[in-house]
Amino acid sequence: MTSPQASGTAPAIPGGDPALDVLGRVFGYDSFRGEQREIIEHVIGGGDALVLMPTGGGKSLCYQIPALVRPGVGVVVSPLIALMQDQVDALRALGVRAGFLNSTQDLDERRLVEAEFAAGELDLLYLAPERLRVDSTLRLLERGKIALFAIDEAHCVAQWGHDFRPDYLQLSQLHERWPDVPRIALTATATRATHGEIASRLNLQGARHFVASFDRPNIQYRIEPKNEPKKQLLALLKGEHAGDAGIVYCLSRASVEKTAAFLAENGVDAVPYHAGLDARVRAANQARFLREDGLVVVATIAFGMGIDKPDVRFVAHLDLPKSVEGYYQETGRAGRDGLPSTAWLAYGLNDVVQQRRMIDTSEGDAEHRRRLAAHLDAMLALCETVECRRVRLLAYFGQEGATACGNCDTCLTPPKSWDGTIAAQKLLSTVVRLKRERNQSFGVGQIVDILLGRRTAKVLRFDHDALSVFGIGADLGEAQWRGVARQLLAQGLLAVQGEFNTLVLTDDSADVLGGRREVLLRSEPEKPARAPRGASGGRKKPAPVDLPAEALPVFERLRAWRGATAKEQGVPAYVIFHDATLREIATARPGSLAELGAVSGVGENKLAKFGDGILEVLVQEG
């Protein structure tokens, strides 16, 4: 951890504990979590900070509280244009004077916010990064007093992310123009390499770096072989997440549409989200997801960054993510409220083939393709591991030495590894025979038919039943051979080429064929792991885990009140109160405003606005 860099102009923390006072009075919490206090006090004191903290870890408070304690306005640079309105609404519900400037506003709306900023009538101002390239925005900022600059989603400056938001690469200029204003950059995901790149590109090498644990113990990670993936998904939703809000990620727009339609036809309230939809439909579907309980969004990865919906109970992937970073970010949108949630991925041979081909045909130089391949290799290693998934995931982000979690599929149903050297030699030999004896290349299906000794029309047409390798793989079934092919592709011992995804050897194949390399393969469990009741699923209705039976009807009435209030005010339900707060209210049954004010998540402003309404619901339940 490097030494703090202080601006020298910000006042020291005055007597008392202003940060803790704001935490309780505004946000309704009585204590900080993890390194929050240290980060907040460092920034209040004028220091720069780079914060790596998982989704749901409380990153926002790390800049919101300093902005409320320090004189001036906290300027938050965020790429999440579509969500700024909701972020500002949530702060205003707490009594915080917040505003935003982005391309969604008309001239009058922008002028109003600019006037509020110049008059010192804002506590926080959210800006899209491209606004800082506009001279009028820079002149506006010079007219007011800035408490701090917060750079959210800071990983966007890294090489693998900056194509998404190139304006982030200009943010190092903030320090040059306002050298005495502290900066805090925050991200929920970064390997050691990405961490260093963020520090370099934002000129934060001299900042104090805070790296929290990347562990999300409330999320259960599960990866299972594809076998009619849409039906597998439906079984997960019907059996474990009936009535829950969740996100399903697909690689293509067509897959998004088909999956959303399939779920809707089978009684799941689901809507699609991708860039090809009409902008109004896309916005409406996102708004529904944020504002309604129990809606499922089927989306491409364009959906979800910065989604602040705390009660997403599952994130499912029907296609293999391109990197562990992407997978971690996407699964991290589940369980922000700390309650048990599921990260589920269906993964198969075609995923490996498709991703390898996309890399081979991608634009960019050899180094770019090498970097993409390294990301994919790490993701494949996570899928194929026989060890605890959480241990491997944490190790990827530099957290070595974690112990098995007992709450991922490989812990709940431990897979076995087996010596697949002979099987690998048989499959690779078949590829060799076809090339040497027939000058032919085929895909996985034909290779498996030859190994199993199947005299299909295609096998007979090409006289493949005359090959010496015909039928030598009868000791394994078709699914097992496809698993062997998938894992050889994952380990780089086999490759695909051409339009028809034909199999070819790699430089490392010779060591296997020559007996110089042993091949260990993962044996899939007969049945995929399911969460034990109370750990992740098994619920038939969206009620919090471990809620006492007598509190359940109270909780449901509070949810109904919250939904009606949110609809009336035109804000997402979580802006009113999180499920965790309603759960505590339903259990404690406070009988007065003073008792209600002691509940975690009930600050002064929310107590004044909603206290009487909550007490009325509780009286009705009494």
Distance-only donor-acceptor pairs under 3.5 Å for side chains of residues 396-404, two or more places apart:
| unit_1 | atom_1 | unit_2 | atom_2 | d |
| --- | --- | --- | --- | --- |
| Tyr396 | OH | Glu325 | OE1 | 2.9 |
| Tyr396 | OH | Glu325 | OE2 | 3.1 |
| Gln399 | OE1 | Phe214 | N | 2.4 |
| Gln399 | NE2 | Ser213 | OG | 3.1 |

### Message
Treating Arg291 as the side-chain partner and Gly570 as the backbone partner, does any N or O pair qualify as donor plus acceptor under 3.5 Å?
### Response
yes
#### Entry: Check: Ala245 main-chain N/O paired with Arg313 side-chain donor or acceptor under 3.5 Å
no
### Query
Any side-chain heavy-atom pair from Leu138 and Arg177 closer than 4.5 angstrom?
yes
### Expected output: side-chain Arg216 to main-chain Gly335 donor-acceptor under 3.5 Å
yes
### Query
Any donor and acceptor pair, going by atom type alone, linking the side chain of Asp311 with main-chain N or O of Asp579 inside 3.5 Å?
no
### Task
Identify the heavy atoms of Ile40 and Leu61 that sit nearest to each other, and give their distance.
CD1-O, 3.6 Å
### Side-chain heavy atoms of Glu584 within contact of Val602, under 4.5 Å
no
### Task
State the CG-CG distance between Leu174 and Leu202, to the nearest 0.5 angstrom.
8.5 Å
### Query
Do the charged groups of Arg222 and Glu240 touch, with an N to O distance under 4.0 Å?
yes
### Task
Measure across Leu382 and Ile223 and return the closest heavy-atom pair with its distance rounded to 0.1 Å.
O-CD1, 4.2 Å
### Task
Provide the closest heavy-atom pair for Gly47 versus Pro182 in the form atom of the first, atom of the second, distance.
O-CB, 3.5 Å
### salt_bridge(Lys309, Asp337) N-O dist < 4.0 Å
no
### Query
Can you name the nearest heavy-atom pair linking Leu345 to Pro321, along with the distance?
CD1-CD, 4.0 Å
### Message
Gln85: which residues meet the side-chain hydrogen bond (donor to acceptor under 3.5 Å, both in side chains) condition with it, sequence neighbours left out?
### Response
Asp89
### Task
Anything under 30° is parallel, anything over 60° is perpendicular, the rest tilted; go ahead and classify Phe610 against Phe577.
perpendicular
#### Entry: 4.5 Å side-chain heavy-atom contact, Asp612 and Leu593
yes
### Message
Rounded to the nearest 0.5 Å, what separates atom CZ in Arg557 from atom CG in Leu618?
### Response
10.0 Å
### Task
Please answer whether the main-chain N or O of Leu20 pairs with a side-chain N or O of Arg37 as donor and acceptor at a distance below 3.5 Å.
no
### Query
Atom CG of Leu91 and atom CG of Leu122: how far apart are they, to the nearest 0.5 Å?
11.0 Å
### Task
Could you tell me the separation between the NE2 atom of His241 and the OG1 atom of Thr342, rounded to the nearest 0.5 Å?
3.0 Å
### Task
Determine the minimum heavy-atom distance between Phe289 and Gly246, stating which atoms define it.
CE1-O, 3.5 Å
### Query
With a 4.0 Å cut-off, would you call Arg201 and Glu197 a salt bridge?
yes
### Query
Are Arg392 and Thr385 linked by a side-chain donor-acceptor pair shorter than 3.5 Å?
yes
### Message
Please tell me whether Ser323 and His375 have a donor and an acceptor in their side chains that are separated by less than 3.5 angstrom.
### Response
no
### Message
Do the side chains of Arg133 and Glu130 get close enough for a salt bridge, i.e. N-O under 4.0 angstrom?
### Response
no
### Query
Are a donor atom and an acceptor atom from the side chains of Arg183 and Tyr63 found within less than 3.5 Å of each other?
no
### Message
Quick one: does any side-chain atom of Ser341 pair with a main-chain N or O of Phe314 as donor and acceptor, under 3.5 Å?
### Response
no
### Message
Main chain of Asn102, side chain of Gln105: is a donor-acceptor contact present, judged purely on distance under 3.5 Å?
### Response
yes
### Message
Within this structure, what is the CZ-CZ distance for the pair Phe100 and Arg110, rounded to the nearest 0.5 Å?
### Response
11.0 Å
### Short side-chain to backbone donor-acceptor contact, Thr331 and Val315, under 3.5 Å
no
### Summary
Between Leu295 and Asn285 the two heavy atoms that sit nearest each other are CD2-O, 4.4 Å
### Message
Salt bridge or not between Asp215 and Arg390? Use side-chain N to carboxylate O under 4.0 Å.
### Response
yes
### Query
How many angstroms lie between CG in Asn605 and CZ in Arg25, if you round to the nearest 0.5 Å?
10.5 Å
#### Entry: Arg97/Glu116 salt bridge by N-O under 4.0 Å criterion
no
### Query
Can you tell if the side chain of Leu101 reaches within under 4.5 Å of the side chain of Leu125, non-hydrogen atoms only?
yes
### Query
So, the side chain of Gln36 versus the backbone of Gly58: is there a donor-acceptor pair under 3.5 Å, distance only?
yes
### Task
Look at Arg92 together with Asp123 and state whether they make a salt bridge at an N to O cut-off of under 4.0 Å.
no
### Query
Does NZ in Lys609 sit with more than 12 non-hydrogen atoms of other residues, nucleotides or ligands closer than 6.0 Å?
yes
### Exam field: side chain His42 to backbone Asp48, donor-acceptor pair closer than 3.5 Å
yes
